[in-house]
Amino acid sequence: TIPRTVVFDKKTGTNILQWPVEEVESLRLGSHEFEEVDLHPGSVVPLVVGSATQLDIVAVFEIDKEALEATVEADVGYNCTTSGGARSRGILGPFGLLVLADETHSELTPVYFYNAKGTDGSAETYFCADETRSSKASDVGKQVYGSKVPVLNGEKLSMRLLVDHSIVESFAQGGRTVITSRVYPTTAIYGAARVFLFNNATGVSVKASVKIWHIDSADIHPFPWINCNAQLHLAHLCIKSFIYRLVCPENGTKNAEASAGMNY
């Protein structure tokens with residue numbers, strides 16, 4: 001996976017935040033922006049960016065508040081893993097992105113939010129990744145992963161996706177929930193790969209704003225092992241000096257350094 005920072009979430013007080021290291025942003029190339037795209041129930045909207053095999057995607061979603069408040073109860077006890085994936089339609093979800101998808105949707109990997117609401121008015125948000133249609137290959141695992149993600153009052157639903165040919169790394173709400181998916185597309189590859197917005201909810205419209213960067217391959221530099229023998233010699237001297245200080249502290253640093261150099 002991409003290297004990540006891991007910090008405590010001071011806003012929730014109960015989560016850790018995982019987020020790609022900032023150096024990943026140096027791989028960004030040209031970008032495409034799609035502002036306030038209306039997603040009505042059952043809609044799929046293509047995002048035209050060319051080849052979609054190496055992408056850094058940031059997306060923000062706003063649910064129709066009136067429809068959300070009017071919903072009395074929806075999918076209490078929802079679970080990403082047992083839900084049936086993005087095909088299963090509920091009143092308040094799923095909605096999100098289809099990545100590593102081909103033009104006909106014969107292969108696709110949905111990453112999405114799903115909202116549940118209890119009769120007491122309490123709401124829960126789930127963040128899921130569905131691999132069940134990610135590949136036509138029959139000899140690879142295809143699961144649905146995900147869990148609840150805390151969403152605080154006033155926060156919009158947000159996700160960041162890093163797509164790299166056969167890996168999709170997904171970060172919700174600044175990294176409160178993170179999913180890494182390994183998928184094996186057979187047709188949604190290279191120039192045939194596409195990305196779409198979708199809303200498979202039955203009772204709520206969603207507005208989405210998305211920014212997509214193509215990303216370059218990382219240039220991995222080997223560790224600069226310059227003069228290994230000299231480094232080993234220095235390490236040996238440091239260890240001997242440390243031991244000498246422990247055994248003969250009264251002799252001081254100067255004698256310790258002299259002793260460290262003896263009999264090497």
Side-chain angles (χ1 to χ4, degrees), residues 1-2 4 6 9 11-12 14-20 39 41 44 55-63 68 71 74-101 105 107-118 122-135 140-152 155-164 166-185 188 195-204 206 208 210:
T1 63
I2 289 288
R4 304 172 182 175
V6 181
D9 185 358
K11 291 183 178 180
T12 64
T14 57
N15 290 76
I16 61 170
L17 301 174
Q18 298 184 60
W19 196 251
L39 300 173
V44 178
L55 301 175
D56 186 348
I57 306 172
V58 175
V60 178
F61 299 87
E62 293 183 79
I63 303 176
L68 179 61
T71 302
D75 298 297
V76 177
Y78 181 82
N79 182 291
C80 291
T81 304
T82 60
S83 65
R87 284 176 171 170
S88 297
R89 304 185 68 181
I91 298 173
L92 302 177
F95 55 86
L97 287 157
L98 307 175
V99 296
L100 295 177
H105 302 166
E107 284 186 341
L108 46 81
T109 299
V111 181
Y112 56 92
F113 290 109
Y114 199 109
N115 289 286
K117 189 175 181 181
S122 62
E124 293 181 329
T125 302
Y126 295 81
F127 185 59
C128 316
D130 179 2
E131 300 176 359
T132 57
R133 291 173 287 167
S134 62
S135 175
V140 298
K142 303 170 190 175
Q143 306 294 323
V144 183
Y145 297 100
S147 64
K148 293 179 187 177
V149 57
V151 181
L152 303 183
E155 288 185 342
K156 298 177 182 179
L157 298 178
S158 64
M159 66 171 75
R160 181 180 179 185
L161 274 57
L162 297 176
V163 180
D164 188 8
S166 64
I167 296 177
V168 181
E169 298 189 54
S170 308
F171 305 81
Q173 300 307 110
R176 290 180 191 144
T177 297
V178 178
I179 307 169
T180 299
S181 306
R182 185 64 187 269
V183 297
Y184 300 90
V195 59
F196 300 84
L197 284 164
F198 80 99
N199 177 14
N200 210 24
T202 61
V204 67
V206 178
V210 186

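The analysis underlying the following values was restricted to heavy atoms, covering all of them including side chains, and did not include hydrogens, waters or symmetry mates. Here the structure is a predicted model, which means the values were calculated and not measured.
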Would a 4.5 Å heavy-atom cut-off, applied to side chains only, mark [X] and [Y] as touching?
{"X": "T132", "Y": "V144", "value": "yes"}
{"X": "F171", "Y": "P20", "value": "yes"}
{"X": "V204", "Y": "T71", "value": "no"}
{"X": "Q173", "Y": "S158", "value": "yes"}
{"X": "L92", "Y": "D75", "value": "no"}
{"X": "C128", "Y": "Y78", "value": "yes"}

*Could you walk me through whether Y126 and F113 pass the ring pair (Phe, Tyr, Trp, His ring centres under 6.0 Å) test, one step at a time?*
CA-CA 6 Å; Y126 295 81; F113 290 109; over 10 Å; no
Identify, with sequence neighbours excluded, every residue that meets ring-ring contact (aromatic ring centres under 6.0 Å, His included) alongside [X].
{"X": "F95", "answer": "F61"}
{"X": "F198", "answer": "none"}
{"X": "Y184", "answer": "none"}

*K11: salt bridge (Lys or Arg N to Asp or Glu O under 4.0 Å) partners, not counting sequence neighbours*: none
*For D56, enumerate each residue passing the salt bridge (Lys or Arg N to Asp or Glu O under 4.0 Å) test, keeping only those at least two apart in sequence or located in another chain.*
R28, R160
*asked:* Assess the residue pair L157 and N115 against the criterion (side chain to side chain contact (heavy atoms under 4.5 Å, CB included)); give the C-alpha distance rounded to whole Å, side-chain angles, the decisive distance to 0.1 Å, and a yes or no.
replied: CA-CA 11 Å; L157 298 178; N115 289 286; 4.1 Å; yes
*asked:* Applying salt bridge (Lys or Arg N to Asp or Glu O under 4.0 Å) as the test, list every pair that has at least one member in residues 173-182; sequence neighbours left out.
replied: D9-R176, E155-R176
